[in-house]
Protein chains: 2
Amino acid sequence: MSKGRSKRVSLKDIANKLGVSTALVSYVLNGQEKEKRVGAEIVIKIRQALEEMNYVPNHIARSLRNGKTQTIGLIVTDIANPFFSSMARCIEDEAGKKGYTVIIGSSDENCNKSRRLVDTMLNRQVDGFIIVPADGCYDYATLIVNEGFPLVMVDRYIPELSTNYVVLDNFGASYDAVNYLISRGYKKIGMVAYKTNLIHMKERIRGYTEAVKNAGLGKRIWEIRYDHQKDDIKKMTQQFQDKNNVKNVDALFFATNTLTMAGLYRVNELKLQVPEEVAVIGFDGNEAFDFYSAPLTYVKQPGNEMGKEAIRILVEQIEGSGKISHISLAHQLILRNSC
Amino acid sequence: MSKGRSKRVSLKDIANKLGVSTALVSYVLNGQEKEKRVGAEIVIKIRQALEEMNYVPNHIARSLRNGKTQTIGLIVTDIANPFFSSMARCIEDEAGKKGYTVIIGSSDENCNKSRRLVDTMLNRQVDGFIIVPADGCYDYATLIVNEGFPLVMVDRYIPELSTNYVVLDNFGASYDAVNYLISRGYKKIGMVAYKTNLIHMKERIRGYTEAVKNAGLGKRIWEIRYDHQKDDIKKMTQQFQDKNNVKNVDALFFATNTLTMAGLYRVNELKLQVPEEVAVIGFDGNEAFDFYSAPLTYVKQPGNEMGKEAIRILVEQIEGSGKISHISLAHQLILRNSC
DNA sequence: CATATTTGCTTTATCGATTCAGCAAGACAT
DNA sequence: ATGTCTTGCTGAATCGATAAAGCAAATATG
C-alpha cells in the first residue's frame, strides 16, 4: 500500500489563505505586479505566503495552459556511444541551467526508430529538437520544420532542409588527417567509411579524396554498411592485407569512432602491428584510443562545444528568434604513435 | 518568423464533428465502451473519426487530470561513464516499450546536484525514480520514499532505507576476482577503491579483505577521494612501486572502471609493464580494457540486466505493487592477459 | 398496465495556472 | 457637480482529457 502522497500547495490554496483571487497570486508569481497594478502591501503578503507555504508551481498545468513544456527532445544514434553520451551530458547540463529538461532517444541510424522517437516527443510536446539525423528518411525532420518547431541538427545535417545545424568542418578535418599521413610518408592510404548519403560522411570522404588526389596517390575506399558492419570489416581487412590487391594499404583512416573500434578489434585479431604493418588514424576519440598498444592519432571533435552551441541556438529559436544558424566547428588532430 | 504550428485535433473536435459529447469519445478512446455502455454503432463511428482525423491524445492534459505523467526520472553519477550510458540506453529502450519516457540527470556523486535533480524531476511529476545514490546525503531518497514515490536504486543502495534495489553481488564479485589473483600466484595484492560509505564499495572492499585474509596475505588498500582522484592516484602509484613500502604490490585490483582507467593512465605514464611489473584486474568493463597492451581481466557487471530489472520493478511499483524487491545479480570474471 | 431496470447519452466539475474583461472606488479635470 | 482616468482587485474562461452524476427513453418484470 503506497503511502499517501501529500498533495502539493496550489495557487488556489495561497489565494484562499489570503482571501484574494488566484489572478493576483499568479501576477506576483510571474513578476507582473507592475503591469497588472497589484497593490504594494498585498504583493508583500503574497510573496510571504508563497515562501511560507513552500509553493512550487505545477509544471504540467502551466504547460497545458501555455503550450510550452520547457522540454527538449534529443535524438542521437546511440547514447551508449561515448561521443554522443558526452555530448548529451553537456547538453543536459546546459539545458538545465536555462531551465529546460531533456529527453533522449537512440535511433540506431534507423528511420523507423527515429520517426517513433519524434512522434513520442511531439506527443510529449517538446519545445524543440536537437537531432542527429539518420540516413534517408528526412520526412520527419521536414515535418518538424514545416510545423514550425525549432530544430537544430548536430554532427550532420540535411542540405535540402533549411534549418539550423552545428557540425564539424568534416572536409577540413579529413583533409588534414590524410595530409598528415602523407607527410609521414605513407603512399597507400585507405579510408574506412560508412555507406551512407549523409553529408558528414560525404564530406569526410571528399576530404580524403582531395588529399590523396593532390598528392597523386591512389584512392582506396571501403564503405561499410552500418548493419553489416562485421562482415564488411572482415572483407575490408582481407583486401587491405593482400599485397596483390589494388586496395592494399600501408595506412588506414577511419571515419568514425565505431569504425575505428571495429577496425582495431579486427586488426588485433589478425595480430597486425600498428603502425609497422599498418598505420592508423581514428576519429571522434574514445578512451580506448589512449590505451591501444600504439596510442592512436585521431581527429578530435569538440563534442562539448557542439552540444553547447546546439542548446544555445535551440533556446534562441524557442524564444522566438527567426534567424537560422549554420555552425562549422574546427577539429584538432591529436598526434601520437599510431602513424 | 516561425510558421504557424497547426493546432492538433482535440477530443472536442471529434465530438463536435460527430455531434456527440466528449465523454463518449473519451470512453471509446480508453476502451471503456463496455463498462460505460456506449452504443455499438457510435463506437464504430468514433473509432473511424479518431482514425480519419488522426487524433493523438494530449499527453499534458491527461497528466494534469490523472496525476500520472508516464515519465521516469533516472539519476546516475555520470551519463558519460560507459557503464551508466549503456545502462541508460537499456533503461530507455525498455521504458519506451512500456510507454514510459525517461529523463536523465548526472549527479557527479554530489549531494547538491542530486537534490537539485530530484527537485526538478519531482517538479516535472515523474511517476517514479531510478537512482544511483550518492554518498552521504540520503535525505532526498528518504523524502522520495516517504512521499510514497516508487524508487529503485541501482548499482548501490542505502541499507537504512527500505526500498527496492538492483545491485551486483559486490562481495562475491570482489572475493572471486581477488581469489583469481591469488590462484595466479600473486602474494602482494593491492586494492584501489573510492573513499566512501556507500555500500557497494564497502562490499567490494569486504570481498577483497576476506579473500586476502583467508589466504594469509597482507591487506593493502587505497581509498581514493572522488574529487581528488589525480592526487590520490599519484600517491598510490608512488607507494605501490616502492619495494620498501608496506604497500608494495605485485597485483592491483581496481574497484570501478573510472579507477581502473585513472590507474592505467598513471601506470602508462610510469611505463610499467602489465602484468610483468604489476598485474591488474579491472571492474565494470570499458571498451578501453580490450585495447590495453595486455587486454584486461575484469569483473563484468550485467549492466543491461540491471537496467531491465530496475525498470521492471519500478513499473510494477508505479502500477500499484506494494512488494519490495532486493535483487543481487551475478558477475562474470572475464579472463585475459593482465594477470 | 404500472413499476423497475437497463441502455445510451449528456452535463458538468475537475486537474492548476494564466489572462482577458470588467467592476467599483477614489483621484482628477472641467 | 459631472464626467473621465487611474488604481486595485475579482470573475470566469481557457488549455484538453476524464469521470461522476444525472436524465430520458427503451426494455423487462410482476
Side-chain angles (χ1 to χ4, degrees), chain A residues 5-47 49-50 53-71 99 122-125 127, chain B residues 5-47 49-50 53-71 99 122-125 127:
Chain A
R5 207 170 288 179
S6 60
K7 53 271 157 270
R8 286 162 43 160
V9 176
S10 75
L11 259 199
K12 207 173 178 179
D13 295 335
I14 306 271
N16 285 344
K17 181 178 177 173
L18 296 179
V20 299
S21 73
T22 60
L24 274 201
V25 183
S26 175
Y27 294 148
V28 172
L29 193 62
N30 295 303
Q32 305 185 298
E33 54 267 16
K34 289 278 171 293
E35 305 93 293
K36 299 303 169 73
R37 317 177 300 237
V38 184
E41 303 122 68
I42 199 72
V43 168
I44 293 173
K45 275 192 197 160
I46 290 175
R47 289 230 185 86
L50 287 172
M53 300 183 68
N54 218 332
Y55 173 77
V56 181
N58 183 318
H59 208 273
I60 307 282
R62 215 172 232 182
S63 298
L64 177 60
R65 177 64 219 229
N66 297 338
K68 295 245 170 277
T69 53
Q70 300 285 120
T71 304
L122 280 174
N123 193 221
R124 298 245 163 194
Q125 295 180 248
D127 295 336
Chain B
R5 207 169 289 180
S6 59
K7 54 272 156 265
R8 286 163 42 161
V9 176
S10 74
L11 259 198
K12 206 172 180 182
D13 295 334
I14 306 270
N16 286 343
K17 183 182 176 170
L18 296 179
V20 298
S21 72
T22 61
L24 275 200
V25 184
S26 174
Y27 295 148
V28 172
L29 192 65
N30 296 302
Q32 306 185 299
E33 54 267 16
K34 288 280 171 292
E35 305 93 294
K36 299 302 169 74
R37 317 176 301 238
V38 183
E41 304 122 68
I42 199 71
V43 168
I44 294 174
K45 276 193 198 159
I46 290 175
R47 289 230 184 85
L50 287 172
M53 302 184 65
N54 218 334
Y55 173 78
V56 182
N58 182 317
H59 210 273
I60 308 282
R62 216 173 231 183
S63 297
L64 177 61
R65 177 64 219 225
N66 297 338
K68 296 244 169 277
T69 53
Q70 300 286 121
T71 304
L122 280 174
N123 193 220
R124 298 247 163 193
Q125 296 181 248
D127 295 336

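In the text below, chain A, chain B and the rest are named by the order of the sequence lines, each starting its count at 1.
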(message) What is the separation between atom CG on B:N16 and atom P on D:dG16, rounded to the nearest whole Å?
(response) 12 Å

(request) Using atom CG of A:N58 as one end and atom P of D:dC15 as the other, report the distance to the nearest whole Å. (result) 18 Å

(request) Determine: side-chain N/O of A:N30 to OP1/OP2 of C:dA17, distance under 4.0 Å, yes or no. (result) no

(request) Select one nucleotide: of C:dG16, C:dT10, D:dT18, the one nearest the side-chain heavy atoms of A:A61. (result) C:dG16

(message) Between A:Y27 and A:V56, which residue's closest nucleotide on DNA chain C lies nearer the 5′ terminus?
(response) A:V56

(request) Nearest whole angstrom, please: distance from the P of C:dT18 to the CD of A:Q32. (result) 9 Å

(message) Assuming nearest nucleotide by heavy-atom distance, tell me which of B:H59 and A:V20 is located more 5' along DNA chain D.
(response) A:V20

(message) I need the B:R65 CZ to A:L64 CG distance, nearest 0.5 Å.
(response) 12.5 Å

(message) Tell me the interatomic distance from A:R37, atom CZ, to C:dA27, atom P, rounded to whole angstroms.
(response) 16 Å

(request) Would you mind telling me which residue lines up with the more 5' stretch of DNA chain C, B:A40 or B:R65, judged by nearest nucleotide? (result) B:A40

(request) In whole angstrom, give the distance that lies between atom CG of A:L24 and atom C1' of D:dG11. (result) 12 Å

(message) What contact category does A:I42 fall into here, base, sugar-phosphate, or nothing, at under 4.0 angstrom with non-hydrogen atoms?
(response) sugar-phosphate

(message) Below the 4.0 Å mark, does D:dA17 have OP1 or OP2 next to a side-chain nitrogen or oxygen of B:Y55?
(response) yes

(message) Checking the side chain of A:D13 only, and the main-chain atoms of A:S10 only, is there a donor and an acceptor separated by less than 3.5 Å?
(response) yes

(message) Counting only heavy atoms not in A:E41 (residues, nucleotides, ligands), do more than 12 fall under 6.0 Å from its CD?
(response) no

(message) Under 4.0 Å, counting only non-hydrogen atoms across every strand here, what does B:S10 touch: a base, just sugar-phosphate, or nothing?
(response) sugar-phosphate

(request) Using whole Å, report how far CG of A:L11 lies from C1' of C:dA17. (result) 6 Å

(request) Name the nucleic acid region contacted by B:T22, choosing base, sugar-phosphate or nothing; use a 4.0 angstrom heavy-atom cut-off, strictly under. (result) base

(request) Please report the shortest heavy-atom distance between A:T69 and B:R124, naming the atom on each side. (result) O-NH1, 3.0 Å

(message) Treating B:S26 as the side-chain partner and B:T22 as the backbone partner, does any N or O pair qualify as donor plus acceptor under 3.5 Å?
(response) no

(message) Is there a side-chain contact between A:R62 and the phosphate of C:dT18, meaning an N or O under 4.0 Å from OP1 or OP2?
(response) yes

(request) Return the value, rounded to whole Å, for the distance between atom CD1 of A:I60 and atom P of D:dA17. (result) 15 Å

(message) Measure CD1/A:I46 against C1'/C:dT18 and give the value in whole Å, please.
(response) 14 Å

